[in-house]
Amino acid sequence: MARAMGEQMPEPMPSAAQMRGYVSSVVRALTARNRLPLDYTVASLRVVDFIIEGLRSGGPARGQVTETLRGLGAYVGEVLVRRAGAVWVDFDDDQRAMFGQSVGVRLPDGRVWNPLGRVVNRFVVGPEESLETFYLRLHGRSSGLGAAERPARREGTDGGPPVDPSGGPSAGPSDGPPVRSAAWWR
């Protein structure tokens, strides 16, 4: 968030271990000029949707708001950490290539998500990619259920959790084709 909105080259993303501090600085920067209720609640994702819709209606190209979108994506990830039981993770080389990001979150069921990509989707596609709705439909978040009550985790063919570049787990073999192509989210 240190760069002006018009600059093209984003700063490198912090590592997973540095994300909480990064998100805190993003929230401070966003709330210093505006009275935004960014309190890491699920309801605050509606505020993020509102901010992104304002950016969209202003007409800037994605490259002009890259830093802002990355900061908002990190905020969404931190909401997942604080409310859904996720943890920040550094992506391996294959995940970096797929997601175009260096960090993401892993939910308690082992699924890996790309909140930064979800925010870009929200900017590009519009309200149908609502971040609040995304959270409410999120499978695998901590729900207070005991381990015996949670559904079993479906693993990918490589033994790891299924992943999808649109920001969420890939569809399993019986879930049908993915909704978007791998290039769509970039």
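Every value quoted in this text rests on a predicted model; they were computed, and no experiment measured them.
No path of Ile, Leu, Val, Met, Phe, Trp and Tyr side chains, each step under 4.5 Å between heavy atoms, connects Phe50 with Tyr135, placing them in separate hydrophobic clusters.
In this structure, the side chains of Gln18 and Met13 stay at 4.5 Å or more apart for every pair of heavy atoms. Arg20 is listed as a side-chain neighbour of Val81, based on a closest heavy-atom distance under 4.5 Å.
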side-chain contact (heavy atoms from CB on, under 4.5 Å) assessment of Met19 paired with Val103: CA-CA 9 Å; Met19 286 305 287; Val103 297; 4.0 Å; yes
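Here the closest heavy-atom approach between residue Phe134 and residue Trp113 is recorded as CE1-CZ3, 3.2 Å. Of all non-hydrogen atoms in Thr41 and Tyr75, the two that sit nearest each other are N-OH, 4.2 Å. Among all heavy-atom pairs drawn from Ser102 and Pro14, the shortest one is OG-O, 4.3 Å. Closest approach of Arg70 and Leu116 over heavy atoms only: O-CD2, 4.0 Å. Of all the heavy atoms in Val105 and Ala86, the pair that sits closest is CB-CB, 3.9 Å. Nearest heavy-atom pair, Tyr40 versus Val79, reported as atom, atom and distance to 0.1 Å: CA-CG2, 3.8 Å.
Expressed to the nearest 0.5 Å, how far CG of Leu30 lies from OG1 of Thr68 amounts to 7.0 Å. Separating the CG atom in Leu136 from the CG atom in Leu45 is a distance of 8.0 Å, to the nearest 0.5 Å. Note: Gln95 CD to Asp90 CG = 10.0 Å, rounded to the nearest 0.5 Å. One finds the CZ atom of Arg106 at 12.5 Å from the CZ atom of Arg111 (value rounded to the nearest 0.5 Å). Between atom CD1 of residue Ile51 and atom CG of residue Leu36 there is a gap of 4.5 Å, rounded to the nearest 0.5 Å. One finds the CG atom of Leu72 at 8.0 Å from the CG atom of Leu38 (value rounded to the nearest 0.5 Å).
Ser25 places a side-chain N or O within donor-acceptor distance of the main-chain N or O of Tyr22, the cut-off being under 3.5 Å. Looking only at distances, a side-chain donor or acceptor of Arg56 sits under 3.5 Å from a matching main-chain atom of Phe123.
Arg122 pairs in a salt bridge (charged side-chain N to carboxylate O under 4.0 Å, His left out) with only one of the listed residues (Glu53, Glu129, Glu128), which is Glu53.
Heavy atoms of other residues, nucleotides or ligands lying less than 6.0 angstrom from CG of Asp93 number 12 at most. No more than 12 heavy-atom neighbours from other residues, nucleotides or ligands sit within 6.0 angstrom of CZ on Arg46.
Looking only at atom types and distance, the side chain of Glu78 has a donor-acceptor partner in the side chain of Trp88 under 3.5 Å away.
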